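The block underneath contains the structure these notes are about, expressed in structure tokens.
Since the structure is predicted, the reported quantities are computational estimates derived from the model, not experimental observations. These numbers come from the heavy atoms of this one structure, side chains and all, not from hydrogens, waters or symmetry mates. A note on names: the letters A, B, ... follow the listed sequences, proteins ahead of strands, and every chain is numbered from 1.
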2 protein chains.
Amino acid sequence: MVQAELKSGAIQSDDALSDRVYSAVSTLIKTQQLHGGDIIVESRLADLLGVSRTPLREALQKLEGEGLVVKNGRSFVVRAVGLAEYLQSLKVREILEGEAAGLSAGRVPAAAIARVRDNIDALLGAPVYLPAEHWQSDDEVHALVCDHSGNPVLARMIHNLRMVTRLYETLNLADRLVPDATEHLEIIEALESGDAKLARQKAQAHLRSLYKASI
Amino acid sequence: MVQAELKSGAIQSDDALSDRVYSAVSTLIKTQQLHGGDIIVESRLADLLGVSRTPLREALQKLEGEGLVVKNGRSFVVRAVGLAEYLQSLKVREILEGEAAGLSAGRVPAAAIARVRDNIDALLGAPVYLPAEHWQSDDEVHALVCDHSGNPVLARMIHNLRMVTRLYETLNLADRLVPDATEHLEIIEALESGDAKLARQKAQAHLRSLYKASI
DNA sequence: CCTCGCTCTATCGCATACAAGTTGCATGCG
DNA sequence: CGCATGCAACTTGTATGCGATAGAGCGAGG
């Protein structure tokens, strides 16, 4: 099932153990090595990660707070996000990210915009499809929108929503590469222009596009 | 500081210990027996509640997930919500609850509406001001809006936001009784009428009213 | 008088041990 | 052969002990 060692990988080793475990389990979930609905046996996972149950439980509590795992009866299970919830989340994101985009319009540093744009271009120009880079570019664009809205509460909210959104993984990511990229570029352009209304509209259009692609 | 015993009160005693601790600490915070910024010493609080550190830590992790406590360095502190964050939260709530109200318009059972309306009337007619009842009525109205929106994700989001909003406690609640009640009644009326646009507008107006009252 | 560094204690992070509840299997009886 | 009952392994909840560390207090030097 899971063969990754905790120590390996890009995990900073001077962090607290429970934080490392948190990151480890988080990526295990996001990379589908633990899939939705799996029930988590504490001792097993703890052994697998080479730690005791205490820091693991701590990590699981935190993950529960972020909605990546839920408690079913007495044990934790990896959160399974169905189509309905995915669509609901997208709907809320449409509202929130639209607002955030409007607030951020004209407030994003040119350097940040340029960097994100370069990444999108690189992604489009890549000879093969790179899922990880796709995700990262996605994160960057949405971070651009959130972090400059001047409303950290709003930003955090969107972040949490996107987290859950990711758990719904039936759609084929590769098919979304070109639509995502073009829509992202439109959002960025709107942000750059300072046209709040346009930015909001483009962000909402992007989310609606995701929505339609999943029906 | 805190003199409440864990066993006392209306806490179900057949729940898991950590759940009881969770409820206990939650109410301690919401009732200001633990005020914002207080650093929590695990062993002290655990002794106070008559449990060991383990279930207490578990409860604290959960509370961290809900935003009632945060980790400052190595120890937990009761989350202090400042004016800035409060206003930001209200702004997001304006967006979200407006949307929820629009979605709920015409979908709320008459019985539920009647019950809430009765409670508001009772509150207004009470000879003395009852803070607890004020809070509860508030909860009911907003629950009315959320629970019938058909979007549980949205509802949960609003719930979390309201949780944090409550931590900001400098405004004088009693002064808000009449404005809250009248605005709530307007929202309810709009919900009843089925006019989505009006419902959204009234909900937003309510949140903006709260905003203005706190500047 | 202020600042830097040292020590020392209170507190936290983690592991482990123990208890209680549950599930599933096997065995025996009807 | 089927069902009930009891046992056994597993899993989670809670307590506790120990090592590590941050932060306070204090003293010395600038």
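The residue A:Ile40 sits close only to the backbone: its heavy atoms come under 4.0 Å of sugar-phosphate atoms, none of a base.
The nucleotide whose nearest atom lies closest to any side-chain atom of A:Val41 is, among D:dA15, D:dT12, C:dC12, D:dT12. The side chain of B:Thr54 lies closest to D:dT14 when the candidates are D:dT12, D:dT14, C:dT11.
When the side-chain contact (heavy atoms from CB on, under 4.5 Å) test is applied to B:Arg53, the partners found at least two apart in sequence or on another chain are B:Glu42, B:Ser43, B:Ala46, B:Arg57.
The interatomic distance linking A:Glu58 (CD) with D:dT14 (C1') rounds to 15 Å, in whole Å. Computed from coordinates, the B:Leu45 CG to C:dA10 P distance equals 19 Å when rounded to whole Å. Across the protein-nucleic acid pair, A:Arg57 atom CZ and C:dA17 atom P stand 17 Å apart, rounded to whole Å. Atom-to-atom, CG of A:Asp19 to P of C:dC12 comes out at 16 Å; the value is rounded to the nearest Å. Here C:dC14 presents its C1' atom at 15 Å from CD of A:Glu42, a figure rounded to the nearest Å. Put simply, CG on A:Leu17 is 14 Å from P on D:dA20, counting in whole angstrom units. Look at CZ on A:Arg74: it is 13 Å from P on C:dA20, rounded to the nearest Å. One atom, NZ of A:Lys71, and another, C1' of D:dG13, lie 9 Å apart when rounded to the nearest Å.
Between A:Glu183 and A:Lys202 no salt bridge is recorded (no basic side-chain N to carboxylate O distance below 4.0 Å). A salt bridge between B:Glu64 and A:Lys62 is absent, with no side-chain N of the basic residue lying under 4.0 Å from a carboxylate O of the acidic one. A salt bridge is absent between B:Glu85 and A:Arg156: the closest approach of a Lys/Arg side-chain nitrogen to an acidic carboxylate oxygen does not fall below 4.0 angstrom.
For B:Arg44, no side-chain nitrogen or oxygen approaches OP1 or OP2 of C:dA10 to under 4.0 Å. One finds no side-chain N or O of A:Arg53 lying less than 4.0 angstrom from the OP1 or OP2 phosphate oxygen of D:dG13.
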